[in-house]
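Notes to accompany the following structure.
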Amino acid sequence: MAQLSELGVVMLMFLIGLELSPKRLWVMRRAVFGAGLAQVLLTGIVLASGAWLVFSLSPESALVLGFGLALSSTAMGLQLLAERKALNSPHGRQAFAILLFQDIAAIPLIALVPVLGTAQSTSDNGLWHLLQVVLSISIVFVGGRYLLRPVFRVVAKTGLQEVSTATALLVVMGTAWLMEWAGVSMALGAFLAGVLLADSEYRHELESQIAPFEGLLLGLFFIGVGMTADLSLLFSHPWQVLGLAGLLLTVKCPLLVLVGRQIGRLSTQEALRLGLLLAAGGEFAFVLFKLALQHELMTASLHDLLVLTITVSMALTPLLLMLAARWLRPVSSHKEVPPEYHQPEDHSPRAVIVGMGRMGQIVARMLRAQRVPFVAFDNEVDTISFTRSIDNIPIYYGDPLRAGVLRTAGAEQAEFFIVATDDPETNLHITSQVRRRYPNMKVIARARNRQHVHKLWDLGAYPVRETFHSSLEMSRQVLLGLGLTEEQTDARLRRFRQHDESVLIEQHKVYNDETAVIQTARQARAELENLFESDRLESRPGALQSPEQ
């Protein structure tokens, strides 16, 4: 049970690694490496100093205790923000940045615990263990850099969802097992695998496949922590447990408020919300303290007391937030925040493009030229590789019919959903799913023919006929070659387009009745001939000229 539940943390670290693309970190560098670093160092040093001076722990034990308690719960913090719709508020963005740095900081802390434990016995063994860590990280980095993408490319070409899911799990568990075999934490291997795939075209597909397993196993992790918590301590020493939990909240909250005010440039109320949200301990403290117990950096009684203290502090956090909400102003997600605290474009797209064929690529190039953030999906591996190598467009492999893929891409925040695949039935299916999941999103869909237009209209989408506008352009060149001026040609084409669109609207009322459709088409042909009767061109052989003339 305990070993199985630890896989939840492994999956969580893999997903965190997927979030850490260089572009994302660079855009959020001030928030992550400024406020995040300041919070971890300041809180860790204060708590470690207190543990060393007050509780007379060894420097190594005090260091693990202090920095372990400095970490907050990523799972609980983001969930509380989501429940309160405060992810885009100033304190929500700052909390996300701090949690992101804490997750990064957890990796070297997890790797450092065995070194500190070994260092108490012999320094030579500690040096050899450190060499093992460096060597194993190098193996994972080199293998992931040159093997992971080719493997996923081959798997994606099979088109089998089960094979893709199994491969994703194999990569996560394989790298985790390799790091554990080398004497390093499994979470470190999973994190490195995620980082190596953060910029790959398979990122969103992987995230959607791993997320269900991560949620299940992380839930088992918390259940396992609860089962191992010594509740008898709460009854035998209630004031000690509650006092330590209160002390942890009392120390961390003011330090978080200070960081939020001075570095995060938050208002007093926003900084207070940040402090209350992140003051409790986190899931990585459980991992650190368990490792510390195994390497004899703390006693079993101290370990049990700290686990129960963190559990109580996490249980108190929602209650404190509810009490604070009674006298703090309501959270506003529209308040201006510094530009560096905004998430990068690839995490907040204004448009989602599905299908990167002829039409999708043109739309993508136009949006990129206008600096409109978007994300694109396709199921053709060769198309994705070619587009990424030539245009560097943010295109990913994934099935848009899977809700997890769209959610990880940030489809909820997009304003437009562009369906540009070349299969009419796929377009209808995708449009139907998008309209059901995101009713307020504007859907622009590629239409094969007039019948396809009618079906897309029924779904509430804006259809664009794939050959209509290009056919009008060809007609324009013919009319210009026959001697008409630019103004005359544009006027005739505009008249033709208006007539055709009005006929299309009329046919939509009866498009399921083939006889009625044929009848309206015949009437439209007669109307069109009458419309151009007064300015019809006479046939003049040889009048058509080439564009160069």
Side-chain angles (χ1 to χ4, degrees), residues 12-13 15-52 59 62-78 81 90-113 115-116 133 137 185 187-188 191-192 194-195 198 248-249 251-266 270-285 287-288 337-344 347:
L12 177 62
M13 293 309 300
L15 294 180
I16 291 171
L18 285 177
E19 294 291 329
L20 295 181
S21 63
K23 180 180 179 181
R24 184 181 181 86
L25 284 178
W26 178 252
V27 173
M28 301 182 66
R29 61 190 181 276
R30 177 181 172 84
V32 174
F33 298 103
L37 176 62
Q39 185 273 327
V40 171
L41 286 178
L42 184 60
T43 308
I45 291 173
V46 170
L47 292 175
S49 301
W52 180 49
L63 190 66
V64 173
L65 187 148
F67 280 91
L69 293 177
L71 304 180
S72 307
S73 175
T74 301
M76 187 180 73
L78 294 182
L81 286 172
H91 81 277
R93 292 179 181 273
Q94 184 62 76
F96 177 83
I98 292 177
L99 288 171
L100 187 58
F101 182 85
Q102 289 181 357
D103 295 336
I104 299 173
I107 297 301
L109 289 175
I110 290 173
L112 187 62
V113 170
V115 177
L116 291 176
V133 172
I137 291 176
S185 168
L188 178 58
F191 175 80
L192 290 177
V195 170
L248 175 63
L249 296 173
V251 171
K252 284 186 68 176
C253 186
L255 295 177
L256 282 161
V257 172
L258 178 64
V259 170
R261 285 283 294 156
Q262 298 301 319
I263 302 179
R265 291 180 283 179
L266 299 178
E270 293 287 344
L272 184 57
R273 286 192 179 95
L274 175 70
L276 293 174
L277 180 70
L278 302 183
E283 55 269 6
F284 287 114
V287 180
L288 278 173
V337 294
E340 61 267 23
Y341 288 85
H342 288 275
Q343 296 185 24
H347 283 262

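For the atom pair CG (L99) and CD (Q39), the distance works out to 8.5 Å, reported to the nearest 0.5 Å. From L71, atom CG reaches atom CZ of F101 across 10.0 Å, with rounding to the nearest 0.5 Å. With rounding to the nearest 0.5 angstrom, the CD atom of Q94 is 11.5 Å from the CG atom of L277. Rounded to the nearest 0.5 Å, atoms CG (L278) and OG (S73) are 9.5 Å apart. Rounding to the nearest 0.5 angstrom, the gap separating the CG atom in L256 from the NE2 atom in H91 is 12.0 Å.
Between L42 and L258, the closest side-chain pair of non-hydrogen atoms falls below 4.5 Å. Put simply, the side chain of R265 reaches to within 4.5 Å of the side chain of R30, judged on heavy atoms.
Contact detail for V40 and F67: the closest heavy-atom pair is O-CE2, 3.6 Å. In terms of heavy atoms, I263 sits closest to A38 at CD1-CB, 3.4 Å. Taking all atoms of both residues into account, the shortest heavy-atom contact from L81 to A95 is CD1-CB, 4.1 Å. For L272 against C253, the heavy-atom pair with the smallest separation is CD1-SG, 4.5 Å.
Checked against I98 for a side chain to side chain contact (heavy atoms under 4.5 Å, CB included), the options T74, L37, L274 give a single hit: L274.
Listed by first and then second residue, the side-chain hydrogen bond (donor to acceptor under 3.5 Å, both in side chains) pairs that reach into residues 251-260 are S72-K252, sequence neighbours excluded.
Residues satisfying the side-chain contact (heavy atoms from CB on, under 4.5 Å) criterion with A70, sequence neighbours excluded, are T43.
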